[in-house]
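Since the structure comes first, as structure tokens, the remarks are kept for the end.
Sequence lines set the chain letters: A, B, ... in the order given, protein chains first and strands last, and positions in each chain run from 1. FYI, side chains are in, hydrogens and waters are out, and symmetry mates aren't considered; it's all heavy atoms of this structure.
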There are 2 protein chains.
Amino acid sequence: MCNQCNYENLLNASDLNATDNRLRVLEVIGNNSYPLSAADIFTTLKRTCSINRVTVYRILDLLVERGIVDRISTGGRAFYYGMAPNENHHPHPHFYCTRCGQMDCLTQDSLNVDTKALWKTFPGRIDKVEVRVDGICKNCMK
Amino acid sequence: MCNQCNYENLLNASDLNATDNRLRVLEVIGNNSYPLSAADIFTTLKRTCSINRVTVYRILDLLVERGIVDRISTGGRAFYYGMAPNENHHPHPHFYCTRCGQMDCLTQDSLNVDTKALWKTFPGRIDKVEVRVDGICKNCMK
DNA sequence: CATTCAATGCAATAAATTTGCATTGAGATT
DNA sequence: AATCTCAATGCAAATTTATTGCATTGAATG
């Protein structure tokens with residue numbers, strides 16, 4: 001849950017008009033404590049407003065492209081979306097339950113990833129390092 | 001490229017009959033120096049034998065389920081497949097070029113991931129830790 | 001020779017996402 | 001005020017990737 005990010009500012013800073021729909025999508029993502037699928041976001045929005053599925057996808061694409069939101073791959077077929085790293089959101093690994101599809105955020109230091117060497121020697125451009133732990137969550141273990 | 005794994009033994013050790021198709025799929029994966037998509041594997045096989053796309057998917061599922069092959073997520077929509085860790089193949093991170101879709105293996109120690117703490121404290125079951133670097137590869141940078 | 005069953009093929013379906021084209025509405029231009 | 005423009009959105013259809021259901025085959029077994 002994020003109480004610190006000003007979504008309107010985030011959009012403006014990326015030269016995006018802060019439309020109602022963009023703000024709504026960003027709020028759903030930012031106010032959630034774990035990443036959500038496009039379907040999750042769409043379903044949530046549908047409850048309180050009339051928005052098209054395609055619009056959600058397009059907004060997500062835009063937010064990812066501008067680096068406001070992170071597209072996170074799962075062990076499954078759908079992407080999940082969470083706030084991209086910024087002053088209020090630090091990069092962190094995720095846990096994906098292969099049984100129920102729930103994705104959780106792990107603390108930044110639960111997995112220690114040292115990327116310094118790679119950044120120095122890699123002959124291309126590095127945009128992002130994604131760390132995902134797959135397994136069965138506490139709930140599904142019961 | 002793997003000259004050490006005996007694919008027939010790998011299959012037998014998992015109680016799988018070493019059918020021609022299974023061996024072929026495993027050879028394509030094992031003899032390649034980077035992970036391949038199901039489509040890559042299918043296309044490669046099609047060149048030299050008659051096999052159905054569905055058979056490839058089914059064999060891949062089976063190999064993944066038995067832990068012979070790893071299903072690796074990319075920044076894109078398709079899964080990629082590479083040899084699962086065994087005595088000849090150590091776990092390692094991957095690089096995914098978001099421009100051309102090429103996936104490369106990084107050396108085991110180019111990224112230092114320390115998972116000890118997580119294993120001790122995580123309240124569910126951990127099956128796999130996937131580390132993927134996304135960016136633009138050397139070729140696409142030109 | 002009949003039976004069984006794992007392996008495979010083929011067609012249809014599903015899930016997630018993307019594309020093409022139409023509509024709308026707020027602000028700029030005449 | 002009427003018109004124009006363009007970003008934002010909607011709707012239907014298409015695409016991509018993967019999965020399912022059911023039929024066929026062929027080797028092994030009784």
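At the heavy-atom level, Ala39(A) lies nowhere under 4.0 Å from the strands shown. Using a 4.0 Å heavy-atom cutoff across all strands shown, Ser50(A) reaches sugar-phosphate atoms only and no base atom.
Between Pro85(B) and His90(B), the closest side-chain pair of non-hydrogen atoms is not below 4.5 Å.
Under the side-chain hydrogen bond (donor to acceptor under 3.5 Å, both in side chains) criterion, the residue pairs touching residues 12-23 of chain A are Asn21(A)-Arg24(A), with sequence neighbours excluded.
Put simply, Arg53(B) has no side-chain N or O that comes within less than 4.0 Å of OP1 or OP2 on dG9(C). In this model, the phosphate group of dA7(C) is not approached by any side-chain N or O of Thr55(B) to a distance below 4.0 Å at OP1 or OP2. Contact check, Tyr57(A) against dT18(C): no side-chain N or O comes under 4.0 Å of OP1 or OP2.
Atom-to-atom, CZ of Arg22(B) to C1' of dT8(C) comes out at 10 Å; the value is rounded to the nearest Å. Per the geometry, CG belonging to Leu62(B) stands 11 Å off C1' belonging to dA6(C), to the nearest Å. Taking atom CG of Leu36(A) as the reference point, atom P of dT17(C) lies 13 Å away to the nearest angstrom. Rounded to an integer number of Å, the gap from CG of Asp20(B) to C1' of dA27(D) is 13 Å. In this entry the distance linking CG of Asp61(A) with P of dA8(D) reads 14 Å, nearest Å. The nearest whole Å value for the distance from the CD1 atom in Ile72(B) to the C1' atom in dT17(D) is 17 Å. In this structure, Asn21(A) atom CG and dA7(D) atom P are separated by 17 Å, rounded to whole Å. Across the protein-nucleic acid pair, Leu60(B) atom CG and dT8(C) atom P stand 12 Å apart, rounded to whole Å.
Side-chain proximity of Ala78(B) to the nucleotides dA7(C), dT17(D), dG9(C) is greatest for dT17(D). With dA18(D), dT8(C), dT19(D) as the choices, the nucleotide that has an atom nearest any side-chain atom of Phe79(B) turns out to be dA18(D). When distances run from any side-chain atom of Asn17(B) to the nucleotides dA6(C), dT9(D), dG9(C), the shortest one goes to dA6(C).
The two residues His92(A) and Leu106(A) come nearest to each other via the heavy atoms CB-O, 3.3 Å. Taking every heavy atom of both residues into account, Tyr81(A) and Ile29(A) meet most closely at O-CG2, 3.9 Å. Contact record, Cys5(A) with Asn86(A): SG-ND2, 3.7 Å, taken as the closest heavy-atom pair.
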So which protein N/O to nucleotides 11-14 of chain D N/O distances come out below 3.5 Å?
residue, atom, partner, partner atom, Å
dC11(D), OP2, Asn52(A), ND2, 3.4
dC11(D), N4, Arg58(A), NH2, 3.4

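Not counting sequence neighbours, the partners of Phe122(A) by the ring-ring contact (aromatic ring centres under 6.0 Å, His included) test are Phe95(B).
For dA16(C), the base has a donor-acceptor partner in the side chain of Arg77(B) [N/O atoms by modelled type, under 3.5 angstrom].
Applying side-chain contact (heavy atoms from CB on, under 4.5 Å) to Val25(A) and the options Thr44(A), Thr55(A), Leu60(A) leaves one that passes, Leu60(A).
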